[in-house]
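Presented below is the structure to which this report refers.
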Amino acid sequence: MIKVEGLTKRYARATAVDNISFEVDKGQIVGFLGPNGAGKTTTMRMLTCFMPPSGGRAEVAGFDVVKSPMEVKKRIGYLPETPPLYPEMEVGEYLDFVGKLKGVPSADLAKRIQEVSERCAVADVRNKLISKLSKGYKQRVGLAQAIIHNPDVLILDEPTSGLDPKQIMETRDLIRSLAGDHTIILSTHILTEVEQTCETAIIIAKGKVMATDSVAALKNRRAGGSAVLVEVEAVSEGQVREKLERVSGVSRVVHKPSGTHGIVTFEVEGLSGKNIRPEIARAVVESGWSLNELRPLGMSLEEVFLQLTSGTKAAEHEAATAAPAVGDEEKESE
Amino acid sequence: MRGAWTICQKELHSYFASPVAYAVMALYALIFGFFFYSATAFFVEASMQSQMMGRSFPMNVNEMIIRPVLMNTSVIGLFLIPMITMRLFAEEKRSGTIELLITSPVTDLAIIVGKWLAAVLLYTAVILVAALSVIFLFAWGQPDVKPVLIGFFGLLLQGAALLAIGAFISTTTKNQIIAGTAGFVVSLLLWVIEWISQFDTSTTGKVISYLSVVTHLEPFTKGVVDLKDVVFFVSLIFLGLFLSARSLESLRWRA
């Protein structure tokens, strides 16, 4: 459905997208994963014919984005990062306008508006001014706008950014429900989003494709770093360390200052592929200490990148030592 | 051209859903009303005096009221036209809705023509507000209808030309204030360069004076439709729309 070969976008001073290639089959949901400034938006803008590529080719539904942009535009629904809404319009009027703009036959338009507003759960605000809507509603109106002409391909640029957790879940469900009828590319910098909504992930950084992988494989990679954070109520750090080091499957124990008297915290690394958490829990409880916390330290996106690019060792080391990564992880899984 | 009418309707909706249309029409009504009142009052005063003195030279409503009023109101147009055009593209560029338009299956030209047409229709509505006052002249006097219609036609043509230029200026920036100010300055320049004919009678002076909109509006206010004036305004419209199309296109490779 989408075929990209050596796509490149150069600006005066920088190359935003550097020779990327990928293919997306019909009906798939593909996550475009990368940090901010990786070239996700630029790639999407080239696919939607908003800007021409400086090199390479891109084909959507069999039509070249440079040679037959009109055909491509008819078959693409696009939700930019900020939904393109007119605040002075009512939701119904807006969908009517976009429908006409996208060439929905006027006989079908009323029916299509009804369908998409039910599907995106905006039917109850159809007579409201867009400027009065909450952010979640605005995002859904943006999605309704993207699917009004029933396009083959849906391109969604950071569809959940700026939403609250409940809205994020609703939006993800909505996107998943759209998958059967449409081929979807969505961009995000949130790893869990890709895990929850997509089948395939294309990881890009600095304008280059780092990896194209199924989400299942990505999940394995992420869980592969089997480091665990252990917080124990105990007086002596040494005793706990000794005990933890003796647990079978543990390869390394690193003390982390907790700042509170009577509480000791360790990062424990296990041999790869082995779940060491039950063993650790047993060891701590049997020694008569209270176990406050025991949780796996997943890898952040950056660590997955590192792992993908520079091999397993470096990434594991990074996961074990980089303290800020824990904070990032919490933010991501909101 | 599919889509142009859709966009035009949407633009008109935005003008009338926001205070823009009403502000422009109210301001125009106010200042046109003043011009009209002072011209009419002067006319009435003069005709009383000539009657008292026993002179009976013919007093012409067309020449003494309508013509100067039309010339004056075209000056007001200079202020109003940038107000109408400044948001056309600048607002869409700022809010990001331009992405929706450009990624829709409509041509750039349809977008531009749609927006320009909406601006022209709003300007027509504004001019009709002025026409209301002129109708009163027909109730109490006997002005000639044809020159009045031709005068308004000229006003509309001049407006359409400046609106096309204003639309182009709006495509060049995200900032409405810059678009408005630049539009005003360009309109004003196209107006005042006519003054050069007063002190420079060389060919250069003539060419520059020819470029002034006032040179080409004046015959219309006298009730004369000259092909060269129509051609001037129509080519200005084409120039403005052409430049807008190029500017919108450049958005793609610059953005």
Side-chain angles (χ1 to χ4, degrees), chain A residues 9-12 16 41-42 44-54 60 63 65-66 68-90 93-94 96-104 106 109 129-131 142 145-146 148-149 151 153 155 157, chain B residues 1-23 84 87-115 117-118 122 171 174 176 245-255:
Chain A
K9 180 74 191 176
R10 277 182 294 270
Y11 293 120
T41 300
T42 308
M44 291 186 148
R45 282 181 164 174
M46 287 191 281
L47 285 176
T48 53
C49 311
F50 182 72
M51 51 170 68
S54 338
V60 175
F63 293 98
V65 293
V66 179
S68 36
M70 277 297 156
E71 297 304 317
V72 172
K73 287 176 187 177
K74 276 183 204 159
R75 287 164 180 80
I76 274 192
Y78 177 40
L79 175 63
E81 201 172 340
T82 21
L85 306 173
Y86 295 100
E88 74 277 5
M89 282 177 131
E90 286 172 12
E93 287 170 345
Y94 172 71
D96 185 75
F97 165 66
V98 179
K100 282 181 188 156
L101 202 63
K102 303 278 181 186
V104 177
S106 47
L109 191 53
L129 279 180
I130 289 175
S131 57
Q145 161 281 125
I148 187 123
H149 54 308
V153 175
I155 294 190
D157 197 354
Chain B
M1 271 301 112
R2 196 189 60 77
W5 181 237
T6 306
I7 288 169
C8 175
Q9 281 174 308
K10 181 238 130 203
E11 286 304 318
L12 280 177
H13 177 275
S14 313
Y15 278 132
F16 284 93
S18 71
V20 175
Y22 306 102
I84 293 174
R87 52 167 289 284
L88 277 182
F89 290 94
E91 197 178 33
E92 304 242 15
K93 281 173 81 171
R94 166 145 298 183
S95 70
T97 46
I98 195 84
E99 274 191 78
L100 170 67
L101 296 184
I102 290 186
T103 58
S104 292
V106 289
T107 58
D108 285 2
L109 198 61
I111 298 173
I112 291 160
V113 170
K115 281 175 171 283
L117 198 61
L122 174 63
T171 60
K174 274 184 188 174
Q176 287 197 41
R246 293 286 81 82
S247 164
L248 207 58
E249 202 180 86
S250 79
L251 199 70
R252 301 196 177 162
W253 45 262
R254 281 188 308 155

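So that the names make sense, note that chain A is the first sequence line, chain B the second, and so on, each numbered from 1. Below, all heavy atoms of this structure are taken into account, side chains as well, without hydrogens, waters or symmetry copies.
- The parts of Phe97(A) that come within reach of chain B are both its backbone and its side chain, each placing non-hydrogen atoms under 4.5 angstrom from that chain.
- Residues Thr82(A) and Glu99(B) have side chains not in contact (no heavy-atom distance under 4.5 Å, counting atoms from C-beta outward).
- Looking at Val72(A), neither its backbone nor its side chain comes within 4.5 Å of chain B, counting heavy atoms on both sides.
- Nearest heavy atom pair, residue Val106(B) against residue Lys73(A), reads O-NZ, 4.4 Å.
- Two residues are said to be in side-chain contact when any heavy atoms from C-beta on lie closer than 4.5 Å; Thr97(B) and Leu85(A) fail this criterion.
- For Glu92(B), the part lying near chain A is the side chain, with the backbone staying farther off; criterion is any non-hydrogen pair under 4.5 Å.
- By number of non-hydrogen pairs under 4.5 angstrom with chain A, the leading residue of Ala17(B), Gly3(B), Ser14(B) is Ser14(B).
- The CD atom of Glu11(B) lies 7.0 Å from the OH atom of Tyr86(A); values are rounded to the nearest 0.5 Å.
- Listed options Pro105(B), Gly96(B), Ala110(B) were ranked by heavy-atom pairs under 4.5 angstrom with chain A; first place goes to Pro105(B).
- Heavy-atom minimum distance, Thr48(A) versus Thr103(B): O-CG2, 3.5 Å.
- Atom CZ of Phe50(A) and atom CG of Leu101(B) lie 10.0 Å apart (nearest 0.5 Å).
- For Gln145(A), the part lying near chain B is the side chain, with the backbone staying farther off; criterion is any non-hydrogen pair under 4.5 Å.
- Checking each of Lys10(B), Gln9(B), His13(B) against Glu93(A) for a side chain to side chain contact (heavy atoms under 4.5 Å, CB included) leaves exactly one that passes, namely His13(B).
- Between Ser104(B) and Leu101(A), the shortest heavy-atom contact is OG-CD2, 3.4 Å.
- Across every non-hydrogen atom of Met70(A) and Thr107(B), the tightest pair is CE-N, 3.6 Å.
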